[in-house]
Protein chains: 4
Amino acid sequence: MHGPRSDTRARIVAVALELFSEHGYERTSLREIADRLGVTKAALYYHFKTKEDIVQGIVAATAAPIHELIAWGREQTWTPEVRDELIRRFAAGMSERALLLRFFQENQPALRDLPAGQEFRDSMIALVRLMHGPGASFEDRLRAAMSLFTINSALFLLQQDSRPGADPAAGGVPVAEATREEAIVAAQHVALEICRLIGRPAPTD
Amino acid sequence: MHGPRSDTRARIVAVALELFSEHGYERTSLREIADRLGVTKAALYYHFKTKEDIVQGIVAATAAPIHELIAWGREQTWTPEVRDELIRRFAAGMSERALLLRFFQENQPALRDLPAGQEFRDSMIALVRLMHGPGASFEDRLRAAMSLFTINSALFLLQQDSRPGADPAAGGVPVAEATREEAIVAAQHVALEICRLIGRPAPTD
Amino acid sequence: MHGPRSDTRARIVAVALELFSEHGYERTSLREIADRLGVTKAALYYHFKTKEDIVQGIVAATAAPIHELIAWGREQTWTPEVRDELIRRFAAGMSERALLLRFFQENQPALRDLPAGQEFRDSMIALVRLMHGPGASFEDRLRAAMSLFTINSALFLLQQDSRPGADPAAGGVPVAEATREEAIVAAQHVALEICRLIGRPAPTD
Amino acid sequence: MHGPRSDTRARIVAVALELFSEHGYERTSLREIADRLGVTKAALYYHFKTKEDIVQGIVAATAAPIHELIAWGREQTWTPEVRDELIRRFAAGMSERALLLRFFQENQPALRDLPAGQEFRDSMIALVRLMHGPGASFEDRLRAAMSLFTINSALFLLQQDSRPGADPAAGGVPVAEATREEAIVAAQHVALEICRLIGRPAPTD
DNA sequence: GATGAATGAGAATTCATTCAT
DNA sequence: GATGAATGAATTCTCATTCAT
């Protein structure tokens, strides 16, 4: 082992993720990334072959926990407890992965054709399958998916609530302001609730 | 009445929505839109001041039902039945609005600064508020949001399942293939289930 | 006679001159002219074949007094008194022609190839010749030209003096603020002074 | 010393000034500049952020002598001799600055809003103030301005005289053809004459 | 006398990418 | 490990102009 491949490489990945998730992949130019790092565009090309390659780098640097989670899930025999544990573990790393999740959710068009994008979507699908177990109906697949998405959505909702421009009169009701920590706890609660609907008969509408 | 302002204008909106939702806002050039319509780029500029203005046109042409739904919701006094009815009505138009919803979900970075984007987000937030009623906790807001998102996500999930490249071995289990109609029914089921969690105490994890 | 060819035509000329002299020929689009008149671009094309044609229209509507002045000058036998009278008459109409003069001075690149531009320059040259009379040296031609330009420049200078952004410390001295009327009087004074230098031997530098 | 920042940068400035002063700022496209240099448009953007920025570059590369002249003038106590010396020094560099002066005189609309344009006008105003000294009347300011303009105008007049299209019959008199050198000498003569009018009582018209 | 709709040509600008040093 | 200089391809947008009605 010879330590990190290079400090700069890691810094590029970090800054790129930050800018991609904040302003979007297409709206972030390599110049912006280079500027923020205090290097030139050409330097980026020393570390990455293309802009798309930086995305690959981001995934490589961040996706390990999810792969581990999937690997773990595949070793287990499906039970409701395993299912709940999947959600808990998925929620556990959420805070660190928040940028990544946002990046993937909000940049689908750019990511659709990228290997990194495919890979990420496959991971999500794999997680969904692990959650609902074998032989599930479409309805159960949807429940499982929504349970996972809950984790992703909580921080998004939190952000909306604290958005300055938000129309306070909208809906006519005041809403509870939550902290980031409360949001994470709530996300896990709700996600568990939802995944426990799996296998239940649907309500009669 | 003087009929449609112009056929071309409406056709631009339709084609733009189609391309924007399929390939993304940034990846769709005005040339592509014009080509598909059999007109020149300059013709687009006769009808819309800027590319962003086309988005505004899309919203103006599509958002009416949602505004009506919000207006209806504001006239009602909140009850669980009203809440369920909101979901049903929201789900009702889903098929026609599928492109619009996808467009908004997958192009946040481009839409964030656009008036049309703000407006759409405000609409969603307003719906969330109408769903959970006054004095809701963050948890209940999250439940309401997830209930709405379920409608948006069902078609997304359906699409994944039928995606050619999908790794069949992923998760090790076969999944039920659903038709578009079944997906819509399932979406409403699950959305109702989730919104009925509103007000319940959270599970002990 | 059937009166003015059309009211709109005259209004186009007036508005165009105003905008051309304020923002420049190239920076003024036909849309701006049309908008300010409350008509469409296409309407302009009913009255004028091209944008350049509007310039021709401006000249046709404004240049008569200068042509008359030239005609008058050609009828006279040159004397210092005739020369002075040329300046006086040229200065007399200055206020009304201010926009036109400014337009021609500040838009040379656009006007260079236009017939209207040629014509205007020829008029100026003709006036210069009338001022210095036959057999003049280059120096005398320059004196005559500067005498004429003085009229053009006075309003320009006045405008600079009253410009808000003008650096008051520049040059370290306060300057006398003049009114428009004073400027016109001064212009004629100085122009006469200068044209009276014609025929004098040059100073030994 | 690290030599010229880049040869290309300087060549861009030179070619741009040439084309801007010959065909006008608006009528000169970046493609023309690039073509004449044998580079691509994008290369221009490597060296200058915008087209307007090239103008800034032109000024930066050419305005030093004028600034020095102003600085020198500010150090002197005003006397008629200082005033005359200002004109002489201004005239001295005229030949090299001819393009620049023409560019500024004939492209006012484009330059009006540019910092470079403001700066240039301020320089001219500053020179005028230095020429007439403290406590001048508007008339004296006008004399000072005309004296400076004489330098600018001489080459313009020369060019008119040698213009092929010039109507030889105009004014009915033949004119003395001058060489470029004679024009410069004449310009300084006449400019001095005019500036010596400063402080004189006006003629009775 | 005028409009609505459209075009063709071209402009400025941006960006990912390359490569010699 | 990195830079300076440059490119090629595209993009959004503007404008004078046309023409059927």
Side-chain angles (χ1 to χ4, degrees), chain A residues 5-9 11-12 25-34 37-54, chain B residues 2 5-9 12 25-34 37-54, chain C residues 5-9 12 25-34 37-54, chain D residues 2 5-9 11-12 25-34 37-54:
Chain A
R5 272 238 240 143
S6 117
D7 183 39
T8 303
R9 204 189 136 92
R11 287 171 61 224
I12 292 173
Y25 176 77
E26 323 260 10
R27 294 173 107 81
T28 303
S29 74
L30 294 186
R31 192 171 58 64
E32 287 174 90
I33 298 176
L37 284 168
V39 299
T40 61
K41 268 186 298 174
L44 305 186
Y45 279 88
Y46 179 80
H47 295 282
F48 297 93
K49 259 171 61 103
T50 67
K51 190 185 184 187
E52 303 191 342
D53 219 48
I54 297 182
Chain B
H2 53 64
R5 260 237 244 151
S6 122
D7 185 36
T8 304
R9 205 191 134 94
I12 292 171
Y25 176 79
E26 323 259 12
R27 295 174 104 81
T28 304
S29 75
L30 295 184
R31 188 176 56 66
E32 288 174 90
I33 298 176
L37 284 168
V39 299
T40 62
K41 274 178 294 168
L44 305 187
Y45 280 92
Y46 176 76
H47 294 282
F48 298 94
K49 263 167 56 117
T50 64
K51 190 183 181 187
E52 302 193 343
D53 218 50
I54 298 182
Chain C
R5 273 241 237 141
S6 120
D7 182 38
T8 302
R9 204 189 135 92
I12 292 172
Y25 175 78
E26 321 260 12
R27 295 173 106 81
T28 303
S29 74
L30 294 185
R31 191 169 60 63
E32 286 173 89
I33 297 176
L37 285 167
V39 298
T40 61
K41 266 185 299 173
L44 304 186
Y45 279 89
Y46 179 81
H47 295 281
F48 297 93
K49 259 170 60 101
T50 66
K51 189 184 183 186
E52 303 191 342
D53 219 48
I54 296 182
Chain D
H2 52 65
R5 260 238 245 151
S6 122
D7 185 35
T8 304
R9 205 190 135 93
R11 286 172 61 225
I12 292 172
Y25 176 78
E26 323 257 11
R27 294 174 106 82
T28 304
S29 74
L30 295 185
R31 189 176 56 67
E32 288 174 89
I33 298 176
L37 284 168
V39 297
T40 61
K41 273 180 294 169
L44 305 186
Y45 280 92
Y46 177 77
H47 294 282
F48 298 92
K49 262 168 57 120
T50 65
K51 190 183 183 187
E52 302 191 344
D53 218 49
I54 297 182

NZ or CZ of B:Lys51 within 45° of B:Tyr45 ring axis and under 6.0 Å: no
B:Phe48 side, atom CZ; B:Ile33 side, atom CD1 - distance, nearest 0.5 Å: 9.5 Å
Side-chain N,O (C:Thr8) to OP1/OP2 (E:dG1) below 4.0 Å: no
Separation between OH of A:Tyr46 and CZ of A:Arg9, rounded to the nearest 0.5 Å: 11.0 Å
Distance in angstrom units between D:Phe48 CZ and F:dA6 C1', rounded: 15 Å
F:dT21 versus E:dG1 - spacing of their C1' atoms, nearest Å: 13 Å
Length of the CD1-C1' vector between C:Ile12 and E:dA2, whole Å: 11 Å
C:Lys41 backbone acceptor or donor facing C:Arg31 side chain under 3.5 Å: no
Minimum heavy-atom distance between A:His47 and A:Ile12, given as atom pair plus value: CD2-CD1, 3.8 Å
CG on B:Leu37 to CG on B:Asp7, rounded to 0.5 Å: 9.5 Å
Closest to side chain of C:His47, choosing from E:dT7, E:dA2, F:dT3: E:dA2
Letter per nucleotide, 5' to 3', of nucleotides 15-20 of chain F [B base touched, S only sugar-phosphate touched, - untouched; heavy atoms, 4.0 Å]: BBBBB-
Interatomic distance, A:Leu37 CG vs F:dG1 P [rounded to whole Å]: 15 Å
Separation of E:dC15 P from D:Leu44 CG (nearest whole Å): 17 Å
Side-chain N,O (D:Tyr46) to OP1/OP2 (F:dA5) below 4.0 Å: yes
Pairing nucleotide - F:dT21, Watson-Crick or G-U, each distance under 3.5 Å: E:dA2
